Engineer: 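Once you've had a glance at the structure underneath, I'll fire off some questions.
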Number of protein chains: 2
Amino acid sequence: MNASEIAKIAGVSRSTVSRVINNYGNVTDETRKRVLHVIKEYNYVPHASAQMLAGKKNKILGLFIIDRKNENSFNKMCTSSYFSPFSSVVIDVANKQQYNVLNSIVNENTDFTNVRELFLNKTISAGIFIGGKNNEPAIMELIESGYKIAVIEQEVAGEQDPFSKCIVVNSDSFGGAYEATKYLITLGHVNIAHISGDMEQLTAISRLEGYKKAMVDTGISIKSNLIIKGNYTEDSGYKATKKLLQKETPTAIFLANDSMAIGAMKAIEESNLKIPDDISIIGFDDIEVARYLEPALTTVRVPLLQMASVATSNLINANEENVNFYANYKMSIELVIRNTCRKLVE
Amino acid sequence: MNASEIAKIAGVSRSTVSRVINNYGNVTDETRKRVLHVIKEYNYVPHASAQMLAGKKNKILGLFIIDRKNENSFNKMCTSSYFSPFSSVVIDVANKQQYNVLNSIVNENTDFTNVRELFLNKTISAGIFIGGKNNEPAIMELIESGYKIAVIEQEVAGEQDPFSKCIVVNSDSFGGAYEATKYLITLGHVNIAHISGDMEQLTAISRLEGYKKAMVDTGISIKSNLIIKGNYTEDSGYKATKKLLQKETPTAIFLANDSMAIGAMKAIEESNLKIPDDISIIGFDDIEVARYLEPALTTVRVPLLQMASVATSNLINANEENVNFYANYKMSIELVIRNTCRKLVE
DNA sequence: CTGAAAGCGCTTACAG
DNA sequence: CTGAAAGCGCTTACAG
């Protein structure tokens, strides 16, 4: 069933069928009704590809999750409490506006080939990127090519920066880290360690800086031995904590995300230390698991769902208006106090 | 940049460009090389819609997550540790075979309109459905219409059943429930309660049956007071457990999934009972959180990732071969013993 | 091995 | 208000 057949049955031309489909004004109420009736009767839906070819707007968004971390596991994303809620909000918001989302996962750089193709062959008209390292070159290239793009957690270096030509949605990592560290300091901690995330990512960089600033602001000197590099995985949190505790005896650890905090808890338990009695820890993100841990994890909540929503609706706007606009959101974070930090009495 | 321009530059016809793109045999090595060179130089990628219109196969799969549960929350899927790993495997497997996946979420029946449209307007060529109730009518209709479909956890009633014309991937819910219940019985429990899932879903039905059969097989009579209806959400597990404990004193509860088990743990704690000392519990699914609970949850592992993989690759096969074939998988489950069940000594 | 031409199913100026 | 026609960018018989 196609437009020609509908036209014949309704006794009009294909043009008129098209006008009815696209809800144009210049059609008699009577013909419109007649055509609509035939359309309904035959369950006719125009061929999306034909519509696109003929010039209609594409309503498919690409959602690209960059996840280079767990390179050896069978399923790379399954453990991620971070990407999943984000995705579902993107889909929700998009669907509500008659958009659909094509979801793809980038495990390694070569996977960007597929991403590029989706733009080049016009399968998608715009894309959202999350999980990339700071200044991800493949994304920059796409922006330079003029595609409509929204990125999560990317730094905008200046007007020359490609990211200043797209929709940028960040959370206040610096502020969150500052607040988390300050909280520990307020509780009386001085010997505070930090286990950083993947330093290629903006969030990890900013969280480290927030930690340092809070220390400096309160006159606590920063000891490099207390700063250990992780990479945001649970395992890296475990290993970093092990390493840390071999040589140092901090009274608190600020971890750059919750997954690593889970690893840290394991390591701490193996060292026969109790949380928070012997050592306080604080995470970042407030992933779903955080509240179920024993003890429940004190952390910094990132408003990931709002970020997803903002990115999606802005991107859809850009596509509807047919304009590449610049927007830069910094979403505020919130300290979630649970049971892994203890007031130090001296 | 389109095929005509490439053709002109390379000094051949559009037909030849197309032949090179599609890797057909009848082109001289020399012309092929020349054309390929121009294509690379201009970064040309054929317009997907045009290809489709002209008769090429569509390589987009729909992934439809049916999630009617949490109707009032802002984000319906975000808490779901069940759908997310499934999705990522589907995407992974599809991407590896040059397929892309369009992901959509069905929160209510009207959302099926979008699903239908995606098939009708040829945006997708096949679809995977997960989370539906048993005998989901909207899916049946699509199968009857001849679309290529894979379903997860749907019962096949017979040859007349539409589901006997598609790819069905189930887990052994009955066997898993049987084994879980048997395990509790082996530990000495007799007074075993069951909190069921959403009884519209096949898994909930089968798990209840498995529970009953295990009881009957060991000569324990089934008490209807010990069977409470839940709906698979954490909250329903909480409420059902509350209700159960008001009137009964089971020594063990078999919950139809892990989310409800989490709710049950909360309710049990509020009743000042200890797990597993005062009461044993066992869940189903083995979601990510399960191992982090305190105490770590004994449960039945569903091979969800394999199910995703099997469904996807079968569906792609069907699409490639251009045939609607029937396949029915029953994936075996595995009892995962952790710390929420105790041996009863009498 | 290669090209000219028809056709896929639409939309959109252009006439009237 | 409506229709005939051109065109979107491909693929694929059909000739040669």
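This structure is a prediction, so every number in the text was calculated from the model and none was measured. Because only heavy atoms are used, hydrogens play no part in the values below, and waters and symmetry mates are left out as well, while side chains stay in.
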Engineer: How does DNA chain C look in dot-bracket form if you count Watson-Crick and G-U pairs under 3.5 Å, write [ ] for pairs that cross, and put | where a base pairs with another strand?
Structural biologist: |||.||||||||.|||

Engineer: Might you point out which heavy atoms bring Asn319(B) and Tyr99(B) nearest each other, and give the distance in Å?
Structural biologist: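 Closest pair (atom of Asn319(B), atom of Tyr99(B), distance): ND2-OH, 2.8 Å.
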
Engineer: Between the side chains of Lys59(A) and Glu320(A), is the shortest nitrogen-to-carboxylate-oxygen separation below 4.0 Å, so that they form an ion pair?
Structural biologist: yes

Engineer: Rounded to whole angstrom units, what separation is found between the NZ atom of Lys122(B) and the C1' atom of dG9(C)?
Structural biologist: 10 Å

Engineer: Determine, stepwise, if the pair Arg68(B) / Glu136(B) fulfils salt bridge (Lys or Arg N to Asp or Glu O under 4.0 Å).
Structural biologist: CA-CA 12 Å; Arg68(B) 296 192 173 90; Glu136(B) 190 76 51; 2.5 Å; yes

Engineer: Do nucleotides 10-16 of chain D as a string where each nucleotide becomes B, S or -: B if the base has a protein heavy atom under 4.0 Å, S if just the sugar-phosphate does, - if no protein is that close.
Structural biologist: BBBB---

Engineer: May I ask you to decide if the ring planes of Phe119(B) and Phe64(B) are parallel, tilted or perpendicular, using 30° and 60° as cut-offs?
Structural biologist: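 Correct class here is tilted.
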
Engineer: So does Glu159(A) pair up with Lys165(A), basic N to acidic O under 4.0 Å?
Structural biologist: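 No, no charged N to carboxylate O under 4.0 Å.
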
Engineer: Is it true that Glu141(A) and Arg116(A) have a side-chain N and a carboxylate O under 4.0 angstrom from each other?
Structural biologist: yes

Engineer: Rounded to whole angstroms, how far apart are NZ on Lys8(B) and P on dG3(C)?
Structural biologist: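 The answer, rounded to whole Å, is 14 Å.
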
Engineer: Taking C-beta and beyond as the side chain, do Val20(B) and Leu36(B) meet within less than 4.5 Å on heavy atoms?
Structural biologist: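 In short, these two side chains touch, coming nearer than 4.5 Å.
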
Engineer: Are Asn135(B) and Pro137(B) packed together at the side-chain level, in the sense that at least one heavy-atom pair is separated by less than 4.5 angstrom?
Structural biologist: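 Not in contact.
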
Engineer: Within the 4.0 Å heavy-atom criterion, would you say Ser49(B) contacts the bases, only the backbone, or no part of the nucleic acid?
Structural biologist: nothing

Engineer: Between atom CG in Asn26(A) and atom P in dG3(D), what is the gap in whole Å?
Structural biologist: 12 Å

